[in-house]
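Worksheet for the structure shown next.
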Amino acid sequence: MAENQEIENNYSASNIQVLEGLEAVRKRPAMYIGDISEKGLHHLINETVDNSIDEAMAGYCKNITVTLGQDGSCTVEDDGRGIPVDEHKKLHKSALEVVMTVLHAGGKFDKGSYKVSGGLHGVGVSCVNALSTHMISQVYRDGNIYQQEYEKGKPLYPVKIVGHTDKRGTRQQFWPDASIFTTTTFKWDIVANRMRELAFLNAGITIKLIDERPDPETGKTREQTFHAKDGLKEFVRYIDRHRQHLFDDVIYLKTEKQGVPIEVAIMYNTDYTENLHSYVNNINTIEGGTHVTGFRIALTRTLKNYADNDPQIAKQIEKAKIEIAGEDFREGLTAVISIKVAEPQFEGQTKTKLGNSEVAGAVQQAVGEALTNYLEEHPNEAKMICNKVILAATARIAARKARESVQRKTVMSGGGLPGKLADCSLKDPKETEIFLVEGDSAGGSAKQGRDRFHQAILPLRGKILNVEKVQRHRVFEAESVMNIIQSIGVRFGVDGEDDFEANTDKLRYDKIIIMTDADVDGSHIDTLIMTLFYRYMPRVIEQGHLYIATPPLYKCTYKNKVSEYCYTDQQRQAFLDKYAGGVEDKNIHTQRYKGLGEMNPEQLWETTMNPKTRLLKQVTIDNAADADEVFSMLMGDDVEPRREFIEQNATYANIDA
């Protein structure tokens, strides 16, 4: 506490260090926030909230309020120390103005102000300022309210006192620039999911989310408070709440090793997949990294050591004639890893893979010690885990045999590609795409209508397997699954010990496009196929290769002269509004497409397959914990939450995108 007091007393303009200017942000916004679509828009909120979270991580902030205003603005207010307002010695202006107008200027670059910072992953509130038409910054500090306003990042006046207060903290309000972003409408669900995640990751802080905009369905405003007293313990239970627990305990540790604060929560369930979510300084490291490596090594070694030294379990393994592998210990595992690193080094496709080598050993030591203690103190639970591991190993060996059998058959039949695949003539993976098409009829139209040079077609016949409900060997025994795997060129068991880590080095197509009917059955098949990729081939999604085709719902024609394809009911209504004043008219003919097979090859090409005119939705994993929860809930056995989700989302949400 004395150390915190000293830091607080010394936190002034001298702690604000300048790294570079702000000039290029408005010219090339995607370089700084990723993109200018919905994802980039919400990144503005995340960057602003990051500053408040940094104050919370340093021990000075307990409450954060995020308000989505009716006027299109977002306001973030905290009860931290407040951004310094005294003069910056180098720039001779208020430190608040420096923080708000200079990119990469802030206290987090000064090691005396913040030990760790989540905001280091981003670009700071100055970028938010640059990409807003208007922004108001207020600081509650020293009994005063300090304020400065900006337009497109430029100050309208020097920092001034506009009132007095007993509060302390910072209030930021900004209006995103519609000339920069493709949309400026904040989505409640996106913001709420991130605020919930931050509350779980920072035990004890309270985040209140207020939406002042009337809900289109109910006409009411919304408000939700996120608070997790037990942090990751609550997080792992939240993620696992739609699964059946192997036992009810959460295996939990919170410690510091080699200067790295480490927090881990583990649960085991009766499912067949691993659900591992990792964070560094509150950043979701969806590609893993050294902290995940350390965790997996510790889990494997500790459990294997326990099994080897327990006579009863060792006898079971010997009787089953199996060799236990690393992935066997992770079947049915749900875990959250959260570490804090002073200077994180990120790598990977999306810059969300931790590269700090020293972290692996620290996490391995911490998890090894904690798990060893748990197993010794809970022998019944330890045996339940080991029994599940034995079953997993047995299933893995069966799956390998099933996979090898299929591979042998394809080699003996004269080729490695399924006979149902209508391949394209071009062989450059960067220039080609494959459509996974529901049904023979649609597959026939797609084959006739396609661009044979660039586009391949794989018809999917019969029932698509729900991989959420079956063991792994059943997945590789399914013909539809093997046809997809062989067609796209994904390989398994080539990256070391893990037989079920999909390798995409030999991927045969740049775009893998799911094309199904525009109805409930089609959406269900979309979800089944996406679940297959998410659980068994996540790299395909992470590297941006998976897409959903968007076939039209209607073809509307006015007096046999004007025709338009309508992809939504809203577009159909707009057609009616334009040509018939919004009402049904005998001069307007509406053709409702019940399936892809109802379109002739030319129509299917024009509406759904032609790269110049089609609408594709890219499947992404922005938040792995939310994606995991949605897939386990939609594809699992628990009916009630699935019904509730569909009732709440079916009319307006698109979970495919």
Side-chain angles (χ1 to χ4, degrees), residues 50 53-54 57 108 114-122 197-198 200-203 231-233 235-236 239-240 250-268 273-304 326-327 329-330 333-374 495-498 501 538-539 542 621-628:
D50 271 343
I53 293 294
D54 288 339
M57 288 164 63
K108 60 193 68 175
Y114 294 104
K115 288 185 178 180
V116 293
S117 166
L120 273 176
H121 187 57
E197 184 177 58
L198 286 171
F200 281 134
L201 291 167
N202 298 275
L232 293 200
K233 283 186 181 180
F235 198 0
V236 77
I239 294 170
D240 230 29
V250 174
I251 305 171
Y252 175 77
L253 71 98
K254 185 174 185 180
T255 186
E256 185 171 316
K257 294 291 182 185
Q258 303 171 30
V260 179
I262 300 165
E263 189 178 5
V264 177
I266 301 167
M267 289 197 83
Y268 270 95
T273 54
E274 174 196 16
N275 306 294
L276 179 59
H277 308 287
S278 62
Y279 297 84
V280 177
N281 300 357
N282 297 317
I283 299 159
N284 187 355
T285 45
I286 59 173
E287 293 183 273
T290 52
H291 54 325
V292 172
T293 300
F295 172 82
R296 284 177 167 167
I297 291 173
L299 185 81
T300 300
R301 287 183 179 174
T302 307
L303 286 173
K304 192 173 190 310
E327 65 264 36
F329 293 105
R330 305 197 297 269
L333 170 83
T334 299
V336 183
I337 306 167
S338 177
I339 69 167
K340 304 293 192 294
V341 182
E343 295 184 15
Q345 304 297 319
F346 292 104
E347 352 174 303
Q349 183 93 3
T350 57
K351 299 298 180 188
T352 53
K353 182 177 183 180
L354 185 68
N356 298 61
S357 58
E358 73 279 4
V359 169
V363 173
Q364 183 179 331
Q365 182 185 354
V367 173
E369 290 175 1
L371 193 55
T372 297
N373 292 337
Y374 181 86
D495 276 349
E497 67 166 359
D498 197 335
E501 185 74 24
R539 288 186 195 175
E542 290 165 5
I621 309 175
D622 291 331
N623 187 313
D626 290 330
D628 173 55

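Taking every heavy atom of both residues into account, A298 and G368 meet most closely at CB-N, 3.7 Å. The nearest pair of heavy atoms linking A366 to T255 is CB-CG2, 3.7 Å. Of all non-hydrogen atoms in N281 and K340, the two that sit nearest each other are OD1-CA, 3.1 Å. Between E287 and E347, the closest heavy-atom pair is OE1-O, 4.2 Å. Closest of all the heavy-atom pairs between S278 and G288 is OG-CA, 4.1 Å.
A distance of 12.0 Å separates CE in M267 from CG in N275, rounded to the nearest 0.5 Å. Between the NE2 atom in H277 and the CD1 atom in I286 there is a gap of 12.0 Å [rounded to 0.5 Å]. Here CD1 of I283 is found 10.5 Å from OG of S338. Values are rounded to the nearest 0.5 Å. M57 CE to L201 CG: the interatomic distance, rounded to the nearest 0.5 Å, is 9.5 Å. One finds the CD1 atom of I266 at 5.5 Å from the CG atom of L371 (value rounded to the nearest 0.5 Å). A distance of 3.5 Å separates CD of E263 from CG of L232, quoted to the nearest 0.5 Å.
Residues K304 and F329 form a side-chain contact, since some pair of their non-hydrogen atoms from C-beta on lies under 4.5 Å apart. Here the side chains of Q258 and Q365 are in contact, with some heavy-atom distance below 4.5 Å. At least one side-chain heavy atom of E197 sits less than 4.5 Å from a side-chain heavy atom of Y279. Looking at V280 and F346, their side chains come closer than 4.5 Å, going by heavy atoms from C-beta outward.
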Stepwise side-chain contact (heavy atoms from CB on, under 4.5 Å) check, F295 with L276: CA-CA 10 Å; F295 172 82; L276 179 59; 4.0 Å; yes
Trace of the side-chain contact (heavy atoms from CB on, under 4.5 Å) decision for E327 with T300: CA-CA 8 Å; E327 65 264 36; T300 300; over 6 Å; no
Stepwise side-chain contact (heavy atoms from CB on, under 4.5 Å) check, I339 with V363: CA-CA 9 Å; I339 69 167; V363 173; 4.2 Å; yes
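Evaluation of the side chain to side chain contact (heavy atoms under 4.5 Å, CB included) rule for E256 yields P261 as partners, not counting sequence neighbours. By the salt bridge (charged side-chain N to carboxylate O under 4.0 Å, His left out) test, K257 is found to be paired with E369, residues two or more places apart in sequence or in another chain being considered.
Judged purely by atom type and a 3.5 angstrom limit, D240 has no side-chain atom pairing as donor or acceptor with the backbone of V236.
Between V264 and the options L299, I337, I251, a side-chain contact (heavy atoms from CB on, under 4.5 Å) holds for only I337.
No hydrogens or angles considered: nothing links the side chains of T352 and T285 as a donor-acceptor pair under 3.5 Å.
The aromatic rings of F200 and F235 sit parallel, their planes meeting at an angle under 30°, below the 60° perpendicular limit.
Ionic pairing of E274 and R330 is present here: one or more N-O contacts between side-chain nitrogen and carboxylate oxygen are shorter than 4.0 angstrom.
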All N/O donor-acceptor pairs, side-chain side in residues 355-362, below 3.5 Å, sequence neighbours left out:
| residue | atom | partner | partner atom | Å |
| --- | --- | --- | --- | --- |
| N356 | OD1 | Q345 | N | 2.7 |
| N356 | ND2 | E343 | O | 3.0 |
| N356 | ND2 | E358 | OE2 | 3.3 |

